[in-house]
Visitor: 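Quick one: this structure, given as structure tokens, is what I'll be asking you about.
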Amino acid sequence: MKLQDIRASLRSSGNKEKARVLRSFFKTGAGQYGEGDVFLGIAVPEIRKIARRCQDISSYDIIQLLRSRIHEERMLALVLLLSRYGKATTNEKKIIYSLYLENIKHINSWDLVDVSAPHIVGDFLFKGNRSKLYCFARSKSLWERRTALVATFRFIRAEQFYDTIAIVKLLLKDEEDLIHKAAGWMLREVGKRNPRVHEQFLKTYYKKMPRTMLRYAIEKLPQYTRQAYLRAKV
């Protein structure tokens, strides 16, 4: 498929009412985190169907999609990159990772970060130097900070928790709710695999954790334990 055909396919799959709902859900109003983002109103499963029909698209055209002002075009680009990354050689993975970092400013919504960061950034850094994540954790960009957190999901799945814990510590005083949610989510995933590490972190830092972060982190604990943490934090 040519790029113009792919864009036409996306537009024909759009839904104006769903687009309106998505604009509200992703906070696209003035001063909000998604200010100015444009939605066609397409569900991710439909985007994945379109991706299956355009696997032969060039890397150049993928980057054009990734740099689009339209949210679903950026999501489609990431779905395509993920597909290629999963089949790539070591050198090809390096190229895809580099393309991702070169265009990271366009991966600027929580769903775009969450769908891609563990599988490209996290996977590429899994056996290498992870210092890039700490640079992201200290970034002024909300999305780079979220990338730092969510990319560690790849490590968590391999029972490696050090970087998740270290990055959460760096972001304990972050002011953004989307960082609080991501940090709590990653801590919860740690807890599913190693309750001891999870409990040790909570007992040490729960009073310093933003309430949303704490709520997300303790979501799977027994109710009496959740309530004890929340009461003690007040």
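If you're wondering where the values come from, they're calculated on a predicted model, not measured in any experiment.
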Visitor: Can you find a pair of side-chain heavy atoms, one from Lys132 and one from Val121, that are under 4.5 Å apart?
Guide: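 The answer is no; the side chains never approach within 4.5 Å.
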Visitor: Under 6.0 Å from the six-membered ring centre of Phe155 and within 45° of its axis: does the NZ or CZ of Arg130 meet both?
Guide: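 That pair qualifies as a cation-pi contact.
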Visitor: Does the pair Glu92/Arg84 count as a salt bridge with the N-to-O cut at 4.0 Å?
Guide: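 Looking at Glu92 and Arg84, the cut-off is not met.
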Visitor: I'd like to check Val168 versus Tyr205 (side-chain heavy atoms, cut-off strictly below 4.5 Å). Are they in contact?
Guide: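 Of all side-chain heavy-atom pairs linking Tyr205 with Val168, none is under 4.5 Å.
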Visitor: Between Glu219 and Arg215, is the closest basic N to carboxylate O distance under 4.0 Å?
Guide: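 Salt bridge: no.
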Visitor: State the CG-SG distance between Asp61 and Cys54, to the nearest 0.5 angstrom.
Guide: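 It comes to 10.0 Å.
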Visitor: Can you tell me how far CZ of Arg7 sits from CD of Gln4, rounded to the nearest 0.5 angstrom?
Guide: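 Here the rounded value is 10.0 Å.
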Visitor: Mind checking the CG-CD1 spacing from Leu81 to Ile95? Nearest 0.5 Å is all I need.
Guide: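 Rounded to the nearest 0.5 Å, the CG-CD1 separation comes out at 12.0 Å.
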Visitor: Ile47, Val38: one ILVMFWY side-chain cluster at the under-4.5 Å cut-off?
Guide: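 Linked within one cluster.
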Visitor: What's the separation between atom CG in Asn194 and atom CZ in Phe201, rounded to the nearest 0.5 Å?
Guide: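 Here the interatomic distance stands at 14.0 Å.
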Visitor: Given the rule that I, L, V, M, F, W and Y join up when any side-chain heavy atoms are under 4.5 Å apart, are Leu172 and Leu230 in one cluster?
Guide: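 Leu172 clusters together with Leu230.
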Visitor: Let me check something: do Leu112 and Val21 share a hydrophobic cluster, defined by ILVMFWY side-chain heavy atoms less than 4.5 Å apart, either directly or through other members?
Guide: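 No: no chain of side-chain contacts under 4.5 Å links Leu112 to Val21.
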Visitor: Between Glu72 (side chain only) and Gly41 (backbone N and O only), is there a donor and an acceptor less than 3.5 Å apart?
Guide: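 Confirmed, Glu72 side chain pairs with Gly41 backbone.
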Visitor: We want to know whether Arg53 and Ser9 form a side-chain donor-acceptor pair, criterion being a heavy-atom distance below 3.5 angstrom.
Guide: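 Yes, side-chain donor-acceptor contact under 3.5 Å.
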Visitor: Between Asp163 and Tyr134, does any side-chain donor sit less than 3.5 Å from a side-chain acceptor?
Guide: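 Tyr134 and Asp163 do have a side-chain donor-acceptor pair below 3.5 Å.
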Visitor: Taking the side chain as every heavy atom from C-beta outward, state whether Ile42 and Asn15 have any atom pair closer than 4.5 Å.
Guide: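 Ile42 vs Asn15: side chains apart.
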Visitor: Has Arg74 got a side-chain atom pairing as donor or acceptor with Leu66's backbone, closer than 3.5 angstrom?
Guide: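 Looks like no, no N/O pair under 3.5 Å.
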Visitor: Check the angle between the aromatic planes of Tyr229 and Tyr206 and answer parallel, tilted or perpendicular using the 30° and 60° thresholds.
Guide: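 Rings of Tyr229 and Tyr206: perpendicular, over 60°.
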Visitor: Are Leu40 and Lys18 side-chain neighbours, meaning at least one heavy-atom pair lies under 4.5 Å?
Guide: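 Counting from C-beta outward, Leu40 and Lys18 never come under 4.5 Å.
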Visitor: What I want to find out is whether Asp37 reaches Arg69 closely enough, with some N-O distance under 4.0 Å, to be called a salt bridge.
Guide: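 No salt bridge links Asp37 with Arg69.
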Visitor: Without hydrogens or angle criteria, can the side chains of Tyr33 and Trp143 be said to hold a donor-acceptor pair below 3.5 Å?
Guide: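 No donor-acceptor contact under 3.5 Å links the two side chains.
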Visitor: Would you compute the distance between atom CE of Met209 and atom CG of Leu214 and round it to the nearest 0.5 angstrom?
Guide: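 The CG atom of Leu214 is 5.0 Å from CE of Met209, to the nearest 0.5 Å.
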Visitor: Keeping the roles fixed (side chain from Thr225, backbone from Leu221), state whether a donor-acceptor pair exists under 3.5 Å.
Guide: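 The answer is no, because no donor-acceptor pair under 3.5 Å joins these two groups.
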Visitor: Taking atom types as modelled, is there a side-chain donor on Thr89 or Asn91 under 3.5 Å from an acceptor on the other?
Guide: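 Not at all, the side chains of Thr89 and Asn91 share no donor-acceptor pair under 3.5 Å.
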Visitor: Using a strict cut-off of less than 4.0 Å between a Lys/Arg side-chain nitrogen and an Asp/Glu carboxylate oxygen, indicate whether Arg11 and Glu73 qualify as a salt bridge.
Guide: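 A salt bridge links Arg11 with Glu73.
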Visitor: Step by step, work out the side-chain contact (heavy atoms from CB on, under 4.5 Å) result for Ile165 and Leu187.
Guide: CA-CA 8 Å; Ile165 298 300; Leu187 289 171; 3.8 Å; yes
Visitor: Applying side chain to side chain donor-acceptor pair (under 3.5 Å) to Thr28 and Glu35, what does each step give before you reach the verdict?
Guide: CA-CA 4 Å; Thr28 62; Glu35 181 177 357; over 6 Å; no
Visitor: Starting at CD1 of Ile50, measure out to CG of Leu76 and round the result to the nearest 0.5 Å.
Guide: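 Between Ile50 CD1 and Leu76 CG, I get 6.5 Å after rounding to 0.5 Å.
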Visitor: Of the options Phe126, Phe161, Trp185, which is the one that meets Phe153 in a ring-ring contact (aromatic ring centres under 6.0 Å, His included)?
Guide: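 Testing Phe153 for a ring-ring contact (aromatic ring centres under 6.0 Å, His included) against Phe126, Phe161, Trp185 leaves exactly one candidate, Trp185.
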Visitor: Check whether Asn103 reaches the backbone of Leu99 with its side chain - one donor and one acceptor, N or O, closer than 3.5 Å.
Guide: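 Yes, Asn103 side chain to Leu99 backbone: donor-acceptor pair under 3.5 Å.
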Visitor: Using only atom types and a distance under 3.5 Å, with no angle test, would you say the side chain of His119 pairs donor to acceptor with the backbone of Ala151?
Guide: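 No, because the side chain of His119 does not come within donor-acceptor range (under 3.5 Å) of the backbone of Ala151.
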Visitor: Is Glu144 close to Cys135 at the side-chain level, that is, under 4.5 Å between some pair of heavy atoms?
Guide: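 Side-chain contact under 4.5 Å: no.
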Visitor: Can you find a heavy atom in the side chain of Arg146 that is under 4.5 Å from one in the side chain of Trp110?
Guide: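 The answer is yes; the side chains approach within 4.5 Å.
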Visitor: Both conditions, 6.0 Å and 45 degrees, for the charged tip of Lys181 above the ring of Tyr216: are they met here?
Guide: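 No; the conditions do not both hold, so Lys181 does not lie above the ring face of Tyr216.
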Visitor: Within the distance-only criterion (no hydrogens, no angle test), does the side chain of His106 pair as donor or acceptor with the backbone N or O of Ile63 below 3.5 angstrom?
Guide: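 No; judged by distance alone, with no hydrogens or angles, the pair does not exist.
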Visitor: Less than 4.5 Å apart, any side-chain heavy atom of Lys94 and any of Phe124?
Guide: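 Yes - at least one pair of side-chain heavy atoms lies under 4.5 Å apart.
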Visitor: Count the heavy atoms belonging to other residues, nucleotides or ligands that lie under 6.0 Å from NZ of Lys105, then report whether that count exceeds 12.
Guide: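 Counting other residues, nucleotides and ligands, NZ of Lys105 stays at 12 neighbours or fewer.
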Visitor: So, Arg20 and Glu17, do they make that salt bridge, N to O below 4.0 Å?
Guide: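 Here Arg20 pairs with Glu17 in a salt bridge, since their nearest N and O are under 4.0 Å apart.
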Visitor: Quick one: are Ile107 and Ser116 in side-chain contact, heavy atoms under 4.5 Å?
Guide: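 Of all side-chain heavy-atom pairs linking Ser116 with Ile107, at least one is under 4.5 Å.
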Visitor: Are Val44 and Val115 linked, directly or through intermediate hydrophobic residues, by side-chain heavy-atom contacts shorter than 4.5 Å (ILVMFWY only)?
Guide: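 Yes, because Val115 and Val44 connect within a single hydrophobic cluster, where side-chain heavy atoms sit under 4.5 Å apart.
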Visitor: Taking atom NZ of Lys93 as the centre, report whether more than 12 heavy atoms of other residues, nucleotides or ligands fall under 6.0 Å from it.
Guide: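 Yes - once you tally the heavy atoms of other residues, nucleotides and ligands closer than 6.0 Å, there are more than 12.
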